[in-house]
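Quick notes on the structure that follows.
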Amino acid sequence: MNLFLKTFIYIKSKIYKKFILDILSRKKIDTVYCILNSSYQINILNNLRIREKEFFLSEFIIFDLNKNIIGNKQFEFITKKNKVFIYKGRITKLKFLFFIITNLFNSNQIIHGNYNSISFKLLALLFSKRLNAIDDGGNTALFPFRIKNKFRKFYTIFPEITKIKHLKKFSEIIDIKFPKENKNCSRNTSNFIYLCASADVEVGRVNEEDYLRIVKTLVKKHYNYKTIYYYPHRRESKNKLENLKRFIRFKNFEILNAKVNFEEYYENVKHQKAPIISMGSTLEKTLNIFLSEKITIYPVRYPEFIQKRYILNYLIYTSLLSNSYNKKNIFIINNKVKNLKSY
């Protein structure tokens, strides 16, 4: 091939490249309006942005469903890490009214993170053909029993939901396929262990006194570790954490300041690869999906402490989380736990 032909091909390829870039730069950027509540949902949204063609060239205006300070700060931090996410703060009644009015005059996609909320049900009545939902972790197990409104698509990491046929009359169920998570727990030699907290007290499933006893039982069971780090749930109350600190006075028990979500913290901490105790959290499913390292997780269940009106819901959503684990690796705490005094 002579020099002239090589030069011509090179110039032609540069022209084509510039043409394509010009087309892409002139392409209208779609805006997607979102109402979400967790870093877990932001991770799912990141996946959709990369893998779903309809969201590929979109920017996302995101409102926060969290009602407490810890949840707000964690959600704001993870949202602002990505430039295509425009964080608009906590969703208030006034902002929600603005949200509705804005979407009455456009055809943009809407994504919501709580299918059981009043705001979702109202949006389903107004914008069913462009309203999408992202699952809310373990509560997705209750989706088949609660959903009554038709909407466009439901994105979930739980493939079990896609097998429920009657849900198709409400929405298209999309299984978000991440790399397969670990199926079994295995012991390791770490000197540290994390106890990922629960908001069961805050939502009324467990009495605070019982919760403190459960945590103390777990601390005593794992007392051989150099440090047991308690990582607060984003919805935990400050008052409960103060009571927990007074109730459990072991030298190797430490309550951490949860400035970021646990996945973000764990990925950057020096004690990475330390095992994790989970009190029925979605982390049991997501940690081995979103993080690259293999993680040892010890799921904990305490059905005998759950208030009667919540027991069925508790058993349903924890069963969904337990699918990824061998039964022998799930630790169950029952009412034989004595009313321990603080040390």
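Counting from 1, the numbers follow the sequence of the chain as shown.
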Worksheet entry | Side chain to side chain, Asp200 and His233, heavy atoms closer than 4.5 Å | no
Worksheet item: Under a 4.0 Å N-O cut-off, is there an ion pair linking Glu160 with Lys285?
Response: no
Discussion item. I want to check something: taking the side chain as every heavy atom from C-beta on, are Ile110 and Asn103 in contact at a cut-off of under 4.5 Å?
Written reply: yes
Worksheet item: Looking at side-chain heavy atoms only, is the closest gap between Ile333 and Arg301 below 4.5 Å?
Response: no
Response to the item:
When every non-hydrogen atom of Phe158 is compared with those of Asp135, the smallest separation belongs to CD1-OD2, 3.7 Å
Worksheet item: Looking at side-chain heavy atoms only, is the closest gap between Ile100 and Leu126 below 4.5 Å?
Response: yes
Worksheet item: Aromatic rings Tyr314 and Tyr302: how do their planes relate, parallel, tilted or perpendicular, breaks at 30° and 60°?
Response: tilted
Worksheet item: Tell me, do Tyr225 and Val219 make a side-chain contact under 4.5 Å, heavy atoms counted?
Response: no
Worksheet item: When the ring planes of Tyr115 and Phe154 are compared, do they come out parallel, tilted or perpendicular, using 30° and 60° as the limits?
Response: perpendicular
Response to the item:
Across all chains, not counting sequence neighbours, the side-chain contact (heavy atoms from CB on, under 4.5 Å) partners of Ile174 are Lys153, Tyr155, Glu172
Worksheet item: Would you say the side-chain atoms of Ser58 and Asp30 include a donor-acceptor pair closer than 3.5 Å?
Response: no
Item to complete: Name the orientation class of the two ring planes belonging to Phe262 and Tyr266 (parallel below 30°, tilted from 30 to 60°, perpendicular beyond 60°).
Response: tilted
Discussion item. For Tyr194 and Tyr229, I'd like to know if the aromatic rings sit close, meaning centre-to-centre distance below 6.0 Å.
Written reply: yes
Discussion item. Check Glu54 with Arg152, please: is the shortest side-chain N to carboxylate O separation under 4.0 Å?
Written reply: yes
Worksheet item: Should the pair Phe85 and Phe60 be assigned to parallel (<30°), tilted (30 to 60°) or perpendicular (>60°) ring geometry?
Response: perpendicular
Worksheet entry | Polar contact flag, side-chain donor to acceptor under 3.5 angstrom, Asn132-Gln109 | yes
Discussion item. Could you report the tightest heavy-atom contact between Asn108 and Asn106, atom names first, then the distance?
Written reply: N-OD1, 3.0 Å
Worksheet item: Asp64 and Gly71: which non-hydrogen atoms are nearest, and at how many Å?
Response: OD2-O, 4.4 Å
Discussion item. For a side-chain contact (heavy atoms from CB on, under 4.5 Å) check, start with the C-alpha distance between Phe75 and Tyr87, then their side-chain angles and the critical distance, and finish with the verdict.
Written reply: CA-CA 9 Å; Phe75 189 79; Tyr87 180 72; 3.7 Å; yes
Fill in: Close side-chain approach of Arg90 to Asn72, heavy-atom, < 4.5 Å
yes
Worksheet item: If you look at every heavy atom in Val203 and Tyr310, which pair is closest and at what distance?
Response: O-OH, 3.4 Å
Discussion item. If we check salt bridge (charged side-chain N to carboxylate O under 4.0 Å, His left out) with Glu202, which of these qualifies: Arg235, Lys67, Lys240?
Written reply: Lys240
Practice prompt. Answer with yes or no after comparing the ring centroid distance for Phe170 and Phe151 against a 6.0 Å cut-off, counting only values under it.
Written response: no
Practice prompt. Indicate the atoms forming the closest heavy-atom contact of Pro144 with Ile164, along with that distance.
Written response: CG-CD1, 3.4 Å
Item to complete: Salt-bridge test for Glu59 and Lys83: reply yes if a basic N is under 4.0 Å from a carboxylate O, no otherwise.
Response: no
Discussion item. Counting only heavy atoms from other residues, nucleotides and ligands, does the tally under 6.0 Å from NZ of Lys73 exceed 12?
Written reply: no
Response to the item:
Only one of Lys238, Glu208, Glu209 passes side-chain hydrogen bond (donor to acceptor under 3.5 Å, both in side chains) with Asn243, and that residue is Glu208
Fill in: Side-chain donor-acceptor pair present, Asn68, Glu236, cut-off under 3.5 Å
no
Fill in: Any donor-acceptor N or O pair under 3.5 Å, side chains Asn139, Asn116
no
